[in-house]
Amino acid sequence: MPNSMPSSIRPDTPSPQSTVTAVLVAHDGASWLPQTLIAINNQSRPVDRIIAIDTGSLDTSAKLISAAGITVIPAPRDLGFGDAVELALAQLPAEADDEWIWLLHDDCAPDEGALAELLQAGAERPNIAMLGPKLRGWYDRSHLLEIGVSIASNGSRWTGLERRESDQGQHDELREVMSVSTAAALIRRPVFEDLGGFDPNLDLFRDDVDFGWRLHTAGHGVLLVPSAIAYHAEAAASERRAIDVSEAFLHRPLLLDRRNAAYVLLVNSALWRLPWISLQILSTGIARALFNLLAKLPGYAGDEIGAVGWLFLHPQDIFTARRRRKSKRLLASGTIRRFLPPRWSQLRMGWEHLVDVVMADLHGENLLRRGDVLSTSSHDDDFKSDEELEILPVANRPSIWRYLFRKPQVLLFLIVSTLLLAIGRNRIGTITGGALSLAPNSGLDLLRQYVQNWHPIALGSASVAPPWIPLLGIGSAITAFNLPLFIQALFLLTPLFSLFITYRVNLRFGLSSFWAMAGAAIYALSPVVFTSLNQGRLGTLIIILLAPSLVLIQPFSRSIEESTWRRTFAVGLLVAVLGAFSPLMLLVWSIGQFGLFIGDCARHRREIFTKSIFSYLFSEQSDGLQRRAIVALLPYLLLAPWSVQMTLHPTQFFLEPGLPLTSGGRWSILLDNPGGAGAPPIWMISPILLFAITAVLVKTLRVSSLSATALISVSIAVSTYVVAGHGSLANVWTGSLITISGAILIPHVLSLGEKFLPILRGKSLGFGHFWLALLASVSIFSFIATPIWALATRSTSLVQAGQKSIMPAFVSALTDTPIRPKTLVIRDIAGSRLYAVSRGQDLYLGEPDESVALPDQITAAVNQLVNGQDSSGTATSQILGAYGIQYIYLLNAGDQSLIRAIDGSGGFTRSSATVNGLLWRVASASGRLEFVDQAGNSKVLAAGEISAEGDVKSAGTLYLAEKFDPGWRVLLDGVVINGIKNQYGLVSFPINKPGHFTLLHESTQLRAELSFELLLLLISVVMALPAGRRRGEVPLEELV
Amino acid sequence: MARRYRFRRWILDYRLLALLALVFVSIAGSYLMPTAQNHQSAASGYPSVVCPANLGDGSTTTSLASNSLNHKLILPVSAAKVVAKVAKKSSPAKSSAKKVRIAKAAKKVKKNANKPVTLGASYPMLVAGSAASDWSLNQSSGGIGATVCTSGATDEWFVGGSALVTSQDTLELVNSGAGTATAIATAYGSHNQSAPMTISIKAGVDQRVSLDSLMPGEASVVLHLEIKSGRVAAFLYAAHKKGLTSLGADFISPQLAPGTHLVIPAVINSTAKSPVTTALRLLAPGAVATKVHVTALSGDGSFVPMNFDQITLSPGMVTDLPFTNLTSATPMTFVVDGDQPILAAAITSTSSEFAWSSAQPAISHFAANFPGDSPTIVLTSGRSGAPIKALVDYQTVRGVQRSQTVTASEFATINLGPIKTLDINNLLSATSAPLYATAIIRTGSGYTYLPLIPGSLLETSANPIANLAALARTGN
């Protein structure tokens, strides 16, 4: 409710004796005019003269005004606000020196004391030429719209208010401002006319800011009078009426607003600031356009770009306006700097606005879903939901600590947090071990790694990097791209996060707090979680975090077909992320969805046969089928070209991120234990198998039980399959599938338990009681015993912090030298003799996934070396040397026969022998890049990690110590020379003349593929994001 | 609502059966998956062995296990031509040599494949490994010495030799590898030990080191040799002279490591020409004094030689203990037990010849060619009362193949007459009933002990697997 009597009006204070001429401008304002006219009429200090301009209203505006006894002057429909005011004033010549103009919009109703307060304040301050009231919302009258207005350096209209801020008197102080809205603004007429009124180039929007700026540079002031209040509907800005002014191109309000904002900045700012301001306007326009595109508002995006473009195409308007202002300027344009918003305030407000928008969107959805949940939740629940507690009277609320500690979920989180800290004590620091390689220092390194076409691993690889690499790099933004810290946090906090996420998902699924908490504990403290932590299964940890969200989708049910497009794309994106971290999951998903797609096609076979398959698929009747096709294909396409590479080499689907590691067999997996080193013993049974049996017996859980059982069955079937890849050999890790099956089963079965328990209470003892007791016992045992086991065996975890690099320091130091030496490392692990080629550094994250098999020549040479079969010659050292292998490093040398074999082979010289290992130097090993002239003289050339550049002085051959790949090129003085595979399987380039060369690996195809992937990702993200609403679509009640 | 979740009346309904069937099929499917856990292939073989060069002033003949074996002389890499002296002689006395290129020599030898062959060489010889052993017999003016060709070891002890002015003991280090090798030799004497001497041996070179350069004037030497790098075979050749008179020569066989139970299988008690004096050389290389007990096993039974029931050895000091009143109708075995790891060897001397008999390991099998020698084979279990059961196959110089099973308690000797081949197999468990064997070879020039131990053992080395896990970091 508006204040009936502003506090600052003193009844004994005489009203100032000034003339007030009110100018009311109307344009299709019949909706608001009745209140506006009443408000004008009810002013405690009546206006002395009033005139109205109707700019061609198509409604009854003119009649309403005339009926109120106000003279109405008709004007063209495209007449701007400033021109309308000028037209009105022309009808009413000035009567006195202290005459005031009171500008009124047809959608603005001033409070009854507004004019009196404005006049009072103006009378006391002769330097003030313009005064404005505090503007509140038309519908929500506590909603504060404006308390003065300014302009940010990027053109934004700046009010300094938070989104939907309520007026509680927090801004009630008289203060000078840059400008006030023209709605109910009071302006000294002589000053107004002296300055030439509003800029004729600003028909609508930002004319107030411009006029305020000009007032300040002319030596006047603008005052906000908070005791004067007006209620504004902002009909034009909120797109409630057509924008018909002549300057409004295509009648688009946003385009006009943005154009005028830029205009105001460019015509009023100091000349030297114009380049910087132009740059800001341009960059902000592009950023806003992108944001609008993401919000699926292409019209607004076009407005942003169009406004900037239009302005830059009409520079003469700006120069003319600047000349006009110069004649009236007494002070520098920077005089208004004190009213400009600080940059950090803009950023803070921008961020808060974004958060508000997102939270509003999420909260809205949550509320909707929670409403569903509450309506279906059990009345026997002893635990009140958060919302129920929220609505308790404040006086009855316990203290925050007591409140928190009374909640069992908080206690559970605290207990789990303490346990995890104890379990993860050995993982504080840079962690490696098991399947987990060393993390680079920055997440940005992973992004760089992803776009590289040639990977300098071992003897080189041109394979496509898996998409989990950039995803992890982007994820590390959480820790300011400190990747080791991010990985450490992931390994330390995954159980806790998954506990929290699963709890929230279970709540959304419809479980009560207690059952949601129990389900979260079973899931987050399961054997697969701790096995993944102990074995360094990075991909599975991400699956553990994301899999609960998959439950809400019910991917194999028909809900996908009945879903929205936005949800369809969101599912596709989620599965793409899951598939990036678990190719096996991607394979199962694709096959499953393809099967469902075929099933759907079979159901619609009549329609398909009547039309062709394609015309049916693209018809409106096949909306569900299209969605099914999207969720089946989108993840695969988003993960291209990696997914295509895997399709061409299907065994790669069975490889999880990182080094392959032997895991458990069929019986272990049947009991939901992935097995392998660092896995709990098999007797530490998980209840998932019992859950699967339970679910399969209930008809309503058929889809979930079928999905979960199928995943478990696939896991069992492939668990013994030994697959080579990622630089090693091991049986298939099925932890991700086990995780997803658990995530699917747990909420469904607990939901069943929650609903079945009250029924059992009323029944005599029977099978149901025993079965439920068994489920409960096994579940409790599982989530208590597993973390205790993990605590007791934490020191045996494969993943530990502070592990040492195996490479000798001086070899590592040579890594970045121009020669870029390689080292053959031979090492015995678990009874097997292993070897690998290093480039002097540790094995980093993602490198195993990008590696390819070593050339046969190297394999044969190493076998000869180790078996001492090359005792007569130096063939082994020649082959190794040709590949740029400068050192052989035998780690933890205990096998004297091997040492003797290498010693006995020609071409190897002992460099060092320490307790850590023995090092031989390979005689006559070449550098990474070597030039041999026609006389046979060789010279090592400086080379980078991938490319190189330099000069050759004569004809000859350039040898590159990398595995052959057709992508290698040399540009010799701009002429392309393709690489040739030589007898060792290396790359060589015939050089027929001296010149400047550039060595590079061709990556055009990869760039094209990644561009396609990025484009598809962008489209998918846009499709998955909530659509923004045009202001015209937002109910006015929400805006004002 | 609750009705929707009601269990079906029969638990064993079709859905549960379907579940069980699905799990069963998946388990069955898992058995069909390729489960090759290990792609690691293995390569087995006998490492190449090195036979010593002709040391001393006489000649050396080498008996190869087969003439199909590849072999070559070890020469410096820089040598322009690789030459070998090849002798196809059945008797060393009738040996004649001619220079041929090694390739031709190999080709020539292969023409007579699967027949034993005896070669003589001035250079050390690298011979491809085989199940049977190759051995060399050195005949110098003063006596004979025999040693099994060896693939070498990284840590060896030579118990024997001296650095007196009458001694011309030489350590031959043969680098059969293609890179420079490094060895460290440390000599122990009766009062002290020498500073370690680092010896660098170039590829394809036999480096010879006089024992007196390590510990001049020392009468009792034990040499410790550590091969730090390279493929090196070592031989210690001892030769004694007094003026122009030769006092004999012999190879001193190495011991791999000190032990608390050492067996010196064969020590002769007498020769046809002159009486024999016998002494035992002992060294406790550890840091504490060691108590030693010696038992003699012979055809006459086992006994403890006088004053050898409890000997205390000072740590790090070589002790020579002569036997007195040692009589037996047969050769003897000395069993030396210590409470700490020790080294031991026995020397038997006559006025014109001496021979070192070293402690040696037990065998399960030994095979070699003998170019017409008449060795006396001593077999022992190395423990009083412990049984021996060995199968001895041999071929006489007339080509007659014979077989003999030797069954005895603790000790046995057999004289086979002139033979061409010898094959001994322990018929008992090698771990519970070890078998030690030595051949005593007598020629007109003297006598020597040939330890019947394989020169190379079958080595199975797995082909390494290319695996990036080799680059993974290690624990703290």
Side-chain angles (χ1 to χ4, degrees), chain A residues 432 438 659 666 670 692-693 696-698 700 709 713-714 716-722 727-729 752 755-756 759 768 800 802-806 825-827 829 832-836 838 842-843 848 851 853-854 859 862-863 866-868 871 874 896-897 900 903-910, chain B residues 1-2 4-8 11 13 15-16 18-19 22-23 25-27 29-31 33-40 43 45 47-48 72 77 126 151-154 176-182 203 227-231 459 461-476:
Chain A
T432 52
L438 188 67
L659 279 168
R666 52 189 79 85
L670 183 63
I693 294 171
V696 84
L697 294 172
V698 181
T700 50
T709 311
S713 299
V714 170
I716 292 170
V718 302
S719 62
T720 52
Y721 178 36
V722 176
S728 188
L729 182 82
L752 173 71
K755 290 167 179 65
F756 204 59
I759 299 167
Q800 300 278 349
Q803 303 204 69
K804 292 176 184 169
S805 172
I806 58 154
V825 177
I826 303 173
R827 182 181 182 185
I829 296 178
S832 294
R833 178 155 294 161
L834 312 180
Y835 72 96
S838 164
D842 281 296
L843 191 63
S851 67
L854 293 173
T859 306
V862 173
N863 285 344
V866 171
N867 296 324
S871 58
T874 54
Q896 294 299 329
S897 64
R900 287 169 59 80
D903 276 336
S905 299
F908 305 110
T909 312
R910 284 258 193 119
Chain B
M1 179 68 70
R4 295 171 61 202
Y5 296 98
R6 187 178 296 168
F7 281 111
R8 289 180 67 87
I11 293 301
D13 69 356
R15 289 194 209 99
L16 188 58
L19 171 72
L22 191 60
V23 171
V25 166
S26 61
I27 290 173
S30 70
Y31 281 98
M33 288 286 173
T35 56
Q37 287 289 344
N38 203 338
H39 284 183
Q40 193 157 25
S48 304
K72 69 170 185 178
V77 176
L126 184 67
S151 56
T154 54
S176 59
T180 302
T182 307
I227 309 301
K228 289 297 177 187
S229 70
R231 193 170 62 191
E459 287 181 355
S461 60
N463 286 330
I465 305 168
N467 194 322
L468 283 177
L471 304 180
R473 288 192 161 199
T474 58
N476 297 316

Side chain, backbone, both or neither: which part of B:Ala181 has an atom under 4.5 Å from a heavy atom of chain A? neither
Heavy-atom pairs under 4.5 Å with chain B, option from A:Ala692, A:Ala717, A:Pro848, A:Ala836 with the top count: A:Ala717
Chain B heavy atoms under 4.5 Å from A:Leu854: which part of the residue, side chain, backbone, both or neither? side chain
Is the side chain of B:Ser229 donor-acceptor paired with the backbone N or O of B:Thr182 at a distance under 3.5 Å, no angle test? yes
Using a cut-off of under 4.5 Å on heavy-atom pairs, state which of B:Gly152, B:Gly29, B:Ala466, B:Ala153 scores highest against chain A. B:Ala466
Among A:Val718, A:Thr909, A:Asp842, A:Thr859, which residue forms the greatest number of heavy-atom pairs with chain B at distances under 4.5 Å? A:Asp842
Which of A:Thr432, A:Leu670, A:Ile829, A:Leu659 touches chain B most, by non-hydrogen pairs under 4.5 Å: A:Leu659
Any side-chain to backbone donor/acceptor pair from A:Arg910 onto B:Lys228? Under 3.5 Å, distance only. yes
Give me the atom names and distance for the closest heavy-atom approach of A:Ile716 to B:Ser30. O-CB, 3.2 Å
Check each atom of A:Ile693 against the heavy atoms of chain B and say whether the ones under 4.5 Å are side chain, backbone, both or neither. both
Backbone N/O of B:Ser176 and side chain of B:Arg231: donor-acceptor pair under 3.5 Å: yes
Which residue out of A:Ala853, A:Ser838, A:Ser719 racks up the most heavy-atom pairs below 4.5 Å with chain B? A:Ser838
Can you tell which part of A:Ile826 gets under 4.5 Å to a heavy atom of chain B, answering side chain, backbone, both or neither? neither
Bottom line for B:Thr180: the part with an atom under 4.5 Å from chain A's heavy atoms is neither
Does the pair A:Val714 and B:Ser26 meet the rule for a side chain to side chain contact (heavy atoms under 4.5 Å, CB included), with working shown? CA-CA 7 Å; A:Val714 170; B:Ser26 61; over 6 Å; no
Where does A:Ser805 contact chain B at under 4.5 Å (heavy atoms): side chain, backbone, both or neither? both
Can a donor-acceptor pair be found, under 3.5 Å and without considering hydrogens, that links the side chain of A:Arg827 to the backbone of A:Leu834? no
How about B:Asn467 and A:Ser728: does a side-chain donor come under 3.5 Å of a side-chain acceptor? yes
Here the gap from A:Leu438 atom CG to A:Leu843 atom CG, rounded to the nearest 0.5 Å, amounts to 8.5 Å
